[in-house]
Trainee: 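Sharing a structure here in structure tokens format.
Scope of the values below: all heavy atoms of this structure, side chains included, with no hydrogens, waters or symmetry mates.
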Amino acid sequence: QVQLVESGGGLVQPGGSLRLSCAASGNIFSIYAMGWYRQAPGKQRELVAIVTSNGSTKYADSVKGRFTISRDNAKNTVYLQMNSLKPEDTAVYYCNLPEWHNRNWYASDYWGQGTQVTVSS
């Protein structure tokens with residue numbers, strides 16, 4: 001079984017920064033893309049960023065230039081550096097192992113428990 005454990009959320013003021021981490025179990029990490037999704041109250045879960053096994057990245061338009069996704073295969077960990085945070089970034093952030101098919105990325109059934117990010121003054 002794959003286990004994903006997120007950490008690093010919290011309360012931050014607008015314009016501030018946070019770094020999220022997601023630790024994955026097992027030896028399958030190196031062959032998976034890893035991604036971050038988020039879900040705000042009353043809204044659907046949405047893709048934030050993906051990093052592939054060869055280091056390619058994809059970002060939602062709303063976070064481009066502000067968020068950076070990266071991974072450390074040796075530590076089985078993926079990170080999300082979030083800068084210039086806005087109130088609309090407030091959400092529960094989830095780690096996932098997305099899958100590529102039909103020329104698009106789709107969230108898999110592997111989810112972490114989520115970590116709350118609140119951007120407020």
Side-chain angles (χ1 to χ4, degrees):
Q1 285 285 4
V2 174
Q3 285 191 322
L4 304 172
V5 180
E6 302 100 334
S7 62
L11 173 64
V12 63
Q13 292 186 342
S17 298
L18 282 175
R19 189 192 196 200
L20 306 183
S21 299
C22 171
S25 64
N27 293 324
I28 60 173
F29 179 81
S30 63
I31 65 172
Y32 275 93
M34 297 195 76
W36 289 95
Y37 290 72
R38 66 186 181 185
Q39 187 167 19
K43 295 188 177 181
Q44 289 189 332
R45 195 170 297 188
E46 62 176 0
L47 172 68
V48 176
I50 292 174
V51 58
T52 68
S53 55
N54 65 2
S56 297
T57 56
K58 173 184 174 66
Y59 295 93
D61 288 342
S62 59
V63 306
K64 282 181 181 177
R66 300 188 298 121
F67 290 11
T68 302
I69 190 170
S70 61
R71 62 192 285 169
D72 185 335
N73 287 346
K75 296 182 178 181
N76 290 347
T77 300
V78 64
Y79 305 97
L80 186 68
Q81 178 66 44
M82 304 185 295
N83 298 328
S84 302
L85 282 160
K86 304 175 181 179
E88 51 263 43
D89 294 317
T90 296
V92 178
Y93 284 69
Y94 296 91
C95 185
N96 185 262
L97 305 180
E99 299 169 343
W100 175 261
H101 55 88
N102 293 332
R103 304 177 70 179
N104 210 339
W105 288 104
Y106 295 88
S108 70
D109 292 334
Y110 299 114
W111 294 100
Q113 83 285 358
T115 185
Q116 177 71 46
V117 172
T118 302
V119 184
S120 175
S121 54

Trainee: Side chains of Val51 and Tyr59: does their closest heavy-atom pair fall under 4.5 Å?
Mentor: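 Side-chain contact under 4.5 Å: no.
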Trainee: Considering only heavy atoms from C-beta outward, does the side chain of Val92 approach that of Thr115 to under 4.5 Å?
Mentor: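 Not touching, per the 4.5 Å side-chain cut-off.
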Trainee: Mind running side chain to side chain contact (heavy atoms under 4.5 Å, CB included) on Thr57 and Ile50 for me, showing each step along the way?
Mentor: CA-CA 5 Å; Thr57 56; Ile50 292 174; over 6 Å; no
Trainee: Working to the nearest 0.5 angstrom, can you tell me the gap between Leu4 CG and Tyr32 OH?
Mentor: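 Nearest 0.5 Å value for the CG-OH distance: 10.0 Å.
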Trainee: Can you tell if the side chain of Ile69 reaches within under 4.5 Å of the side chain of Phe67, non-hydrogen atoms only?
Mentor: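 The answer is no; the side chains never approach within 4.5 Å.
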Trainee: For Asp109, look at atom CG and say whether over 12 heavy atoms of other residues, nucleotides or ligands are found less than 6.0 Å away.
Mentor: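 Atom CG in Asp109 is not packed in, count stays at 12 or less.
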Trainee: Do Gln113 side-chain atoms and Glu6 backbone N/O form a donor-acceptor pair below 3.5 Å?
Mentor: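 Yes, because the side chain of Gln113 sits within donor-acceptor range (under 3.5 Å) of the backbone of Glu6.
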Trainee: Measuring only between side-chain heavy atoms, which start at C-beta, is Gln39 closer than 4.5 Å to Tyr93?
Mentor: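 With C-beta onward as the side chain, the pair stays apart.
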Trainee: Should Val119 and Val117 count as side-chain neighbours, where that means a heavy-atom distance under 4.5 Å?
Mentor: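 With C-beta onward as the side chain, the pair touches.
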Trainee: Check whether Asn96 reaches the backbone of Ala107 with its side chain - one donor and one acceptor, N or O, closer than 3.5 Å.
Mentor: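 No; judged by distance alone, with no hydrogens or angles, the pair does not exist.
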Trainee: Just checking, is any N or O donor in the side chain of Arg45 or Tyr37 under 3.5 Å from an acceptor N or O on the other one?
Mentor: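 Side-chain D/A pair, Arg45 to Tyr37: absent.
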Trainee: Taking C-beta and beyond as the side chain, do Gln116 and Leu11 meet within less than 4.5 Å on heavy atoms?
Mentor: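 Sidechains of Leu11 and Gln116: no contact.
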Trainee: Take atom CD in Gln3; do more than 12 heavy atoms of anything else shown fall under 6.0 Å from it?
Mentor: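 Atom CD in Gln3 is not crowded, with 12 or fewer foreign heavy atoms closer than 6.0 Å.
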Trainee: Evaluate whether atom CD of Gln44 has more than 12 neighbouring non-hydrogen atoms of other residues, nucleotides or ligands under 6.0 angstrom away.
Mentor: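 Counting other residues, nucleotides and ligands, CD of Gln44 stays at 12 neighbours or fewer.
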Trainee: Check whether Tyr94 forms a cation-pi arrangement with Arg38 (NZ or CZ under 6.0 Å from the six-membered ring centre, at most 45° off the ring normal).
Mentor: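 No, Arg38 does not sit over the ring of Tyr94.
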Trainee: Judged by modelled atom types alone, do Asp72 and Thr77 share a side-chain donor-acceptor pair under 3.5 Å?
Mentor: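 Looking only at side-chain atoms, Thr77 and Asp72 do not form any donor-acceptor pair under 3.5 Å.
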